[in-house]
Engineer: 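Sharing a structure, written as structure tokens. Questions coming.
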Amino acid sequence: IIKFLYFCKKLEIMKVLFLDSNHPCLLQGLKDLEFVCHEDYDSSKSEVEKKIHSYEGVIVRSRFSLDKSFLEKATNLKFIGRVGAGLENIDVEFAEKNGITLIAAPEGNRNAVGEHALGMILALFNKLKKADNEIRRGIWLREDNRGIELEGKTIGLIGYGNMGKAFAKKLQGFNSDVICYDIKPNVGDQNARQVSLKELFEKTEVLSLHTPQTVLTKQMINASFLKQFKHRLYLINTARGSAIVTKDLVKALQTGKVLGACLDVLEYEKNSFENFFSNENTLPEDFQYLINSDKVLLSPHVAGWTVESKIKLAETIVHKVAAMLDQHNSIK
């Protein structure tokens with residue numbers, strides 16, 4: 001509380017540095033809250049580190065990590081606004097230890113993620129990518145493009161926070177059995193029944209990941225994990241690419257243990273997907289398999305990247321910063 005009161009004492013001239021471009025309503029929203037806002041979307045991390053001590057707030061997406069080295073130089077920093085769902089590009093432990101308030105916005109893009117996951121699995125089930133490509137080449141194959149239905153399938157979700165709940169809500173009306181597994185107890189609701197990991201392995205026919213990047217979730221989906229599922233299954237990942245060991249997924253696709261995969265994120269991508277293909281080195285062999293397989297549907301980390309979510313993410317950060325200020329005023 002003492003640290004927070006000291007922070008609030010300086011609010012009259014609080015400066016915020018925007019490190020990534022966002023919807024204009026975020027910049028305007030903080031200005032309306034009487035913050036002095038500066039934008040820097042081009043300087044290198046080392047250049048930003050030289051001036052970060054002058055700022056009390058930072059707004060960031062994924063341009064670079066706010067690690068311990070960076071935060072040690074941010075001696076006056078009081079809050080970090082991460083315009084997205086996760087905080088994996090921030091040294092959370094160091095930030096919290098030093099009284100820096102962390103603000104994320106999973107509420108802002110959860111609906112977009114839910115819709116994207118649903119769209120991907122329906123497209124894969126109905127072979128829409130394959131059929132579209134064939135028709136454009138003058139090939140008309142009806143029987144070869146016979147699809148399957150989501151109705152009646154058991155859909156297992158790993159992770160039942162904002163994103164998992166949004167996807168489960170979208171699945172209502174498909175007459176599917178939706179189950180979820182989460183390390184937190186009692187998170188199930190009317191849209192998904194929480195089960196043990198054992199039951200998840202026994203019943204799941206479509207597996208969808210909705211986990212943050214943590215020590216527990218990195219490389220979680222490996223050969224050993226996949227072998228424990230009773231049924232052959234389809235896999236959806238709109239969470240983090242680090243959750244899946246790609247070579248193990250490829251082998252499972254080749255053997256038929258995994259019947260198909262919808263991947264919005266990849267093990268190979270960095271904090272920002274845009275630089276993935278800029279490397280002059282040959283693309284990994286396993287990735288080559290993914291891009292050439294009709295059993296795989298790919299998108300470039302855009303599940304939460306809609307026109308609407310861009311606005312919602314920005315508005316969520318503004319609302320949470322405003323709530324932080326209200327909390328200060330109530331303490332005062």
Side-chain angles (χ1 to χ4, degrees), residues 1-11 14-23 25-27 29-30 33 35-40 45 48-49 52-110 113 159 161-164 183-184 210-218 239-240 242 271-272 304 309-310 312-331:
I1 292 178
I2 293 174
K3 287 183 180 178
F4 194 75
L5 289 174
Y6 172 71
F7 147 50
C8 297
K9 193 176 178 182
K10 301 177 64 179
L11 282 179
M14 180 158 247
K15 293 196 296 182
V16 178
L17 180 62
F18 281 66
L19 294 176
D20 289 286
S21 60
N22 295 281
H23 192 277
C25 70
L26 176 51
L27 183 67
L30 293 191
L33 291 172
F35 288 91
V36 175
C37 299
H38 294 165
E39 301 168 84
D40 187 345
K45 184 176 180 180
V48 174
E49 286 179 340
I52 193 60
H53 64 277
S54 300
Y55 293 91
E56 287 77 26
V58 166
I59 301 296
V60 66
R61 284 202 328 262
S62 302
R63 188 166 133 221
F64 52 69
S65 63
L66 275 58
D67 51 22
K68 180 180 178 182
S69 176
F70 181 93
L71 295 176
E72 283 178 334
K73 298 175 179 64
T75 52
N76 288 309
L77 198 62
K78 307 305 175 191
F79 76 90
I80 299 170
R82 164 70 164 84
V83 190
L87 297 170
E88 64 269 13
N89 61 328
I90 300 169
D91 189 328
V92 174
E93 183 179 354
F94 183 87
E96 292 179 342
K97 182 180 177 181
N98 287 272
I100 300 172
T101 300
L102 300 176
I103 299 172
E107 305 90 340
N109 62 356
R110 60 189 174 189
V113 172
N162 279 282
M163 308 305 167
I183 58 173
K184 295 180 180 179
H210 300 278
T211 51
Q213 181 173 298
T214 68
V215 174
L216 293 176
T217 62
K218 288 186 76 171
R240 290 294 182 263
S242 61
N271 286 335
S272 292
S309 72
K310 186 175 184 180
K312 292 176 188 176
L313 285 165
E315 290 177 340
T316 299
I317 295 295
V318 173
H319 293 157
K320 288 188 175 182
V321 171
M324 182 180 68
L325 297 183
D326 288 342
Q327 182 186 10
H328 153 60
N329 291 332
S330 65
I331 294 174

Engineer: Can you name the side-chain contact (heavy atoms from CB on, under 4.5 Å) partners of T214, sequence neighbours left out?
Structural biologist: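 side-chain contact (heavy atoms from CB on, under 4.5 Å) list for T214, sorted by chain: P212, L216, T217.
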
Engineer: Mind checking the OG1-CG spacing from T316 to L26? Nearest 0.5 Å is all I need.
Structural biologist: 10.0 Å

Engineer: Report the residues that fulfil salt bridge (Lys or Arg N to Asp or Glu O under 4.0 Å) with K320, sequence neighbours left out, ordered by chain and then residue number.
Structural biologist: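 Expected list: E107.
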
Engineer: Is the closest side-chain heavy-atom distance between V48 and R63 below 4.5 Å?
Structural biologist: yes

Engineer: For H210 and G159, work out which heavy atoms get closest and say how close.
Structural biologist: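 Shortest heavy-atom contact: CB-O, 3.5 Å.
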
Engineer: Would you indicate whether L102, at its atom CG, is surrounded by more than 12 heavy atoms from other residues, nucleotides or ligands within a distance under 6.0 Å?
Structural biologist: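 Above 12, so yes.
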
Engineer: Report the distance from atom NE2 of H23 to atom NZ of K312, rounding to the nearest 0.5 Å.
Structural biologist: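 Answer rounded to 0.5 Å: 12.5 Å.
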
Engineer: Can you see which heavy atom on L71 is nearest to which on L66, and at what distance?
Structural biologist: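 The answer is CD1-O, 3.7 Å.
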
Engineer: Residues two or more places apart in sequence or in another chain: which of them pass salt bridge (Lys or Arg N to Asp or Glu O under 4.0 Å) with R110?
Structural biologist: none

Engineer: Could you state the interatomic distance from CG (L17) to CD1 (I80), rounded to the nearest 0.5 Å?
Structural biologist: 11.5 Å

Engineer: Under 4.5 Å between any side-chain heavy atoms of K15 and N76, yes or no?
Structural biologist: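 When only atoms from C-beta onward are counted, N76 and K15 do not touch, as no gap falls below 4.5 Å.
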
Engineer: Considering non-hydrogen atoms only, spot the tightest contact between L27 and C37 and give its length.
Structural biologist: CD1-CB, 3.4 Å

Engineer: State, to 0.1 Å, how close T211 and R240 come at their nearest heavy-atom pair, and which atoms those are.
Structural biologist: O-CG, 4.2 Å

Engineer: One pair to check against side-chain contact (heavy atoms from CB on, under 4.5 Å): F94 and I100. What are the steps and the verdict?
Structural biologist: CA-CA 9 Å; F94 183 87; I100 300 172; 5.5 Å; no

Engineer: The criterion is side chain to side chain donor-acceptor pair (under 3.5 Å); which residues satisfy it with S242, sequence neighbours excluded?
Structural biologist: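 So S242 forms a side chain to side chain donor-acceptor pair (under 3.5 Å) with Q213.
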
Engineer: When rounded to the nearest 0.5 angstrom, what distance separates CG in L325 from CZ in F79?
Structural biologist: 8.0 Å

Engineer: Would you name the heavy atoms of A105 and L313 that are closest together and state the gap between them?
Structural biologist: O-CD2, 3.2 Å

Engineer: Say you draw a straight line from CD of E56 to CE of M14; how long is it, rounded to the nearest 0.5 Å?
Structural biologist: 5.0 Å

Engineer: What is the ring orientation for Y55 with H38, classed by angle as parallel under 30°, tilted 30 to 60°, or perpendicular over 60°?
Structural biologist: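 Judged by the thresholds at 30° and 60°, the geometry between Y55 and H38 is perpendicular.
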
Engineer: Using only atom types and a distance under 3.5 Å, with no angle test, would you say the side chain of R61 pairs donor to acceptor with the backbone of S21?
Structural biologist: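 Yes: the side chain of R61 pairs with the backbone of S21.
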
Engineer: How many angstroms lie between CG in D91 and CD in E96, if you round to the nearest 0.5 Å?
Structural biologist: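 Going from the CG atom of D91 to the CD atom of E96 covers 9.5 Å.
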
Engineer: Can N22 and I59 be said to form a side-chain contact (heavy atoms from CB on, under 4.5 Å), step by step?
Structural biologist: CA-CA 9 Å; N22 295 281; I59 301 296; 3.8 Å; yes

Engineer: I want to check something: taking the side chain as every heavy atom from C-beta on, are R82 and S62 in contact at a cut-off of under 4.5 Å?
Structural biologist: yes

Engineer: Test of understanding: with side chain to side chain donor-acceptor pair (under 3.5 Å), list the residues that count as partners of S54, not counting sequence neighbours.
Structural biologist: none

Engineer: Quick one: side chain to side chain donor-acceptor pair (under 3.5 Å) partners of S69, sequence neighbours excluded?
Structural biologist: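 Side chain to side chain donor-acceptor pair (under 3.5 Å) check on S69 returns K73.
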
Engineer: Under the side chain to side chain donor-acceptor pair (under 3.5 Å) test, which residues partner E72, sequence neighbours left out?
Structural biologist: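 Partners of E72 by the side chain to side chain donor-acceptor pair (under 3.5 Å) criterion come out as none, since no residue qualifies.
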
Engineer: Check the pair M163, N109 against side-chain contact (heavy atoms from CB on, under 4.5 Å), reporting the backbone distance first and the verdict last.
Structural biologist: CA-CA 8 Å; M163 308 305 167; N109 62 356; 3.1 Å; yes

Engineer: Do you know the tightest heavy-atom contact between V58 and V16?
Structural biologist: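 Answer, listing the atom of V58 first, then V16: N-CG1, 4.2 Å.
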
Engineer: Using the salt bridge (Lys or Arg N to Asp or Glu O under 4.0 Å) criterion, which residues pair with K45? Sequence neighbours excluded.
Structural biologist: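 Once residues adjacent in sequence are excluded, the partners of K45 under the salt bridge (Lys or Arg N to Asp or Glu O under 4.0 Å) criterion are D67.
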
Engineer: Just to verify, what does H319 make a ring-ring contact (aromatic ring centres under 6.0 Å, His included) with, not counting sequence neighbours?
Structural biologist: none

Engineer: Before you tell me yes or no, could you show the steps for L19 and F64 under side-chain contact (heavy atoms from CB on, under 4.5 Å), namely the whole-Å CA-CA distance, both residues' side-chain angles and the distance that decides it to 0.1 Å?
Structural biologist: CA-CA 9 Å; L19 294 176; F64 52 69; 3.8 Å; yes

Engineer: Mind checking ring-ring contact (aromatic ring centres under 6.0 Å, His included) for F18 and listing every partner two or more places apart, or none if nothing turns up?
Structural biologist: none

